[in-house]
Amino acid sequence: MKASRSSLYAVVFLIALLVTVPTLFLIPMSLSSGTTFQFPPPGWSGRWYKNLVEEPEWRAAAVTSLKVAAMVTPLALVIGTCAAFGLLRLGRRLRTAGLTTLISPLVVPHILLALAIYGTFLKLDLSGTLQGLVLGQTALAVPFVLIPVLTRLQGYDKSMTSAALSLGAPPFTAFRTVTLPLILPGIVAGGVFAFVASFDELVIALLLQGPGATTLPVQMFNSVTEEANPTISAASTILVVVVSLVILLVQLGWIRTDQKAGIHGQ
Amino acid sequence: MGNESRTGHIEIRKLRKRYGPHDEPAVDDIDLTIESGEFITLLGPSGSGKTTTLNMIAGFVQPTSGTIRLNDRDLAEVPTHKRNFGMVFQNYALFPHMTVFDNVAYPLRQRRLPREKMRTLVGDILALFGLGGMESRKPDQLSGGQQQRVALARAVVFSPAVLLLDEPLGALDRKLRQSLQAEVKRLHRDLGLTFVFVTHDQDEAMFLSDTIAVFNKGRVERVGTPGELYDDPGTLFVAGFLGEANVFAGSLVDPTTYLWMDRKWRVAGPERAGDTVLVVRPEKVRVFDLESVPEGWNSTPAVVTDRSHLGAVCKVDMTFPDGSTGSATMPTDAAVTVRPGESVLAAWEPGAQAFVLPEQA
């Protein structure tokens with residue numbers, strides 16, 4: 001029993017290493033003083049970060065990425081959460097059909113989706129625009145909200161709502177004070193996933209790119225194909241740090257609200 | 001809290017609920033009057049319509065037809081949150097993200113009570129339920145019995161017109177269940193509030209209720225006090241559901257003689273036309289050696305199949321000549337001589353038997 005447990009820890013630890021170590025190599029490389037992806041770096045410097053901030057296309061790309069993700073996240077949250085509530089009210093067959101449709105972006109190859117979106121948006125004059133990017137990536141992000149919210153809702157005991165109503169709460173108050181707080185972890189998780197899904201999305205962003213609508217991953221891709229220098233490592237590091245920070249902050253916030261709720265009422 | 005003038009009187013007329021157009025009605029034209037301050041239990045097996053009826057009273061389920069009136073006011077257009085009914089759920093339905101205090105204060109917040117008054121009310125009710133000092137705990141830090149008390153406190157703290165209880169003790173173990181039954185009974189007495197209690201447990205219903213309404217297949221089969229229903233069950237279903245019964249389906253040959261197999265029994269004759277089945281409660285049946293039955297008792301031969309000691313009483317299982325089974329419960333010392341396999345006479349005084357309506361097809 002004990003041995004199997006420690007071997008389990010070992011396997012988990014190895015997998016965690018396998019997943020994170022390549023990413024961690026990025027950080028020293030982004031601080032390299034050399035002009036190639038040499039490892040270990042010949043010396044240290046912040047020039048690639050300086051490059052990132054000073055070169056207008058890199059800076060613009062980072063801002064675009066943040067802007068797009070900041071718009072995709074609330075859109076996907078509203079659509080995904082409403083869809084989860086709606087799906088639960090449907091009969092079994094319709095629910096399965098609806099769910100399959102809504103989460104299809106997870107299984108359909110992104111290049112196919114991107115081509116379809118590209119073709120459609122060309123006709124609608126949305127190609128190369130920020131709005132186009134937001135709409136396209138929202139379609140991808142919806143399943144990331146829908147799945148955790150739906151899971152949370154399926155575990156939600158409907159007698160909680162009945163109880164709130166019987167205690168005198170009008171339906172919306174019952175939702176706000178009981179249902180919403182109880183499914184909030186699902187919504188927050190969905191929001192984080194949606195943000196991340198948009199922030200590092202490449203395929204759709206690549207096809208829909210245009211002046212003022214080039215995201216950080218697209219800029220990185222373009223620069224790799226032209227001239228490869230450690231600016232990409234710096235950009236990647238930023239990407240990793242932003243994504244990790246978002247997830248970390250949410251988890252920290254979670255612990256804090258739990259503690260606060262525990263103290264409240266004394 | 002016990003405001004007599006506001007305590008609910010409920011009139012249910014021709015209430016019906018059909019979930020789908022092709023389904024059998026879940027509740028089929030029931031009429032029921034719930035008196036002000038009464039403890040009524042809706043008793044029945046699962047699927048008998050008792051919970052659907054409770055949910056219609058609470059406003060969670062819309063009736064297909066029929067009316068529910070509270071103190072002469074039709075509730076059809078009144079949404080749940082305006083009905084002012086307290087409700088206790090089977091799984092407690094405490095809000096897990098709120099403390100005990102916030103759970104119990106929830107109905108008072110909806111009624112916009114001043115802060116100080118709210119604090120006093122919640123404090124008082126928690127003390128009443130023996131929950132003082134637990135204000136800041138979360139529901140998952142409480143035992144099952146404490147959770148149930150919080151649920152009860154939350155449901156009565158706002159002085160509702162009626163308290164609805166949906167199998168509230170079903171999830172508890174037997175011992176805790178019994179102590180909470182006593183508590184519910186005391187609560188009813190102290191508050192003077194109308195209680196509508198749903199359960200499938202006949203003992204619980206007998207113990208708690210002023211009135212029991214027995215549900216079967218979407219209908220109210222019979223309404224009465226526990227004593228009335230036990231002594232004169234009225235239908236075969238009630239006789240079998242409320243306690244045990246020895247059932248003899250024979251026929252009345254004349255107003256004072258009942259014929260079952262080849263046995264002729266003395267009867268007073270059924271009070272209701274159509275009641276043709278004779279039932280006798282096990283504790284009214286005694287077992288005798290052949291030949292020694294007291295004068296005037298009705299009897300039938302029987303073969304003893306089992307004898308079990310239940311503590312204060314002993315239960316003797318028997319098979320009757322028509323192949324049906326039955327039982328007698330008697331003081332332990334009266335049963336010591338009975339052995340499985342033995343042929344005996346099962347007998348009872350004619351006054352102990354009752355007539356019921358046969359089961360409808």
Side-chain angles (χ1 to χ4, degrees), chain A residues 81 85 88-95 148-149 151-191 250-266, chain B residues 20 54-55 57-61 79-113 119 122 133-141 150-151 153-160 162-167:
Chain A
T81 306
F85 274 94
L88 274 187
R89 292 189 172 209
L90 293 177
R92 249 186 74 195
R93 222 176 274 173
L94 269 178
R95 188 194 306 175
V149 174
T151 309
R152 201 76 198 179
L153 263 184
Q154 277 166 337
Y156 174 74
D157 177 359
K158 285 192 194 67
S159 66
M160 297 286 166
T161 308
S162 300
L165 293 173
S166 77
L167 295 170
F172 184 73
T173 309
F175 173 79
R176 187 173 51 79
T177 55
V178 176
T179 315
L180 190 63
L182 289 177
I183 62 165
L184 198 59
I187 294 179
V188 171
V250 167
Q251 286 189 330
L252 281 180
W254 217 239
I255 294 166
R256 193 166 306 161
T257 49
D258 268 8
Q259 284 171 344
K260 216 171 100 188
I263 291 160
H264 184 77
Q266 266 179 346
Chain B
L54 191 78
N55 282 335
I57 297 174
F60 301 138
V61 172
T80 299
H81 68 276
K82 290 191 179 150
R83 289 193 182 189
N84 203 35
F85 289 175
M87 178 134 178
V88 182
F89 295 80
Q90 189 167 15
N91 56 357
Y92 320 135
L94 294 178
F95 305 135
H97 58 301
M98 295 185 196
T99 61
V100 168
F101 181 91
D102 288 335
N103 264 285
V104 178
Y106 191 88
L108 304 178
R109 291 216 165 94
Q110 304 313 318
R111 286 161 179 80
R112 311 204 183 289
L113 245 68
R119 261 175 206 290
V122 174
M134 308 235 172
E135 286 84 350
S136 56
R137 296 224 192 148
K138 289 284 190 70
D140 61 6
Q141 295 170 304
V150 175
R154 187 179 69 172
V156 299
V157 69
F158 58 99
S159 309
V162 175
L163 184 63
L164 309 173
L165 304 104
D166 183 11
E167 307 218 15

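Proteins come first, then strands; the chains are lettered A, B, ... in the order of their sequence lines, and each starts at number 1.
- Annotation: side-chain hydrogen bond (donor to acceptor under 3.5 Å, both in side chains) contacts of Gln110(B) (sequence neighbours excluded): none.
- The side-chain hydrogen bond (donor to acceptor under 3.5 Å, both in side chains) test applied to Arg111(B) returns Asn84(B), not counting sequence neighbours.
- Here Pro96(B) is the residue among Ala155(B), Pro96(B), Ala105(B), Gly59(B) with the most heavy-atom pairs under 4.5 Å with chain A.
- Using a 4.5 Å heavy-atom cut-off against chain B, the contacting residues of residues 173-180 of chain A are Thr173(A), Ala174(A), Thr177(A), Val178(A).
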N/O donor to acceptor pairs below 3.5 angstrom from side-chain atoms of residues 161-170 of chain A, sequence neighbours left out:
from, atom 1, to, atom 2, distance (Å)
Thr161(A), OG1, Tyr156(A), OH, 2.6
Ser166(A), OG, Ala163(A), O, 2.8

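- Note: Phe89(B) CZ to Met160(A) CE = 9.5 Å, rounded to the nearest 0.5 Å.
- Heavy-atom distances place the side chain of Asn91(B), and not its backbone, under 4.5 Å from chain A.
- Contacts between Arg154(B) and chain A at a heavy-atom distance below 4.5 Å involve backbone atoms as well as side-chain atoms.
- Here the straight-line distance linking atom CZ of Phe95(B) with atom CG of Asp157(A) works out to 10.5 Å at 0.5 Å rounding.
- Heavy atoms of Leu94(B) lying under 4.5 Å from chain A belong exclusively to its backbone.
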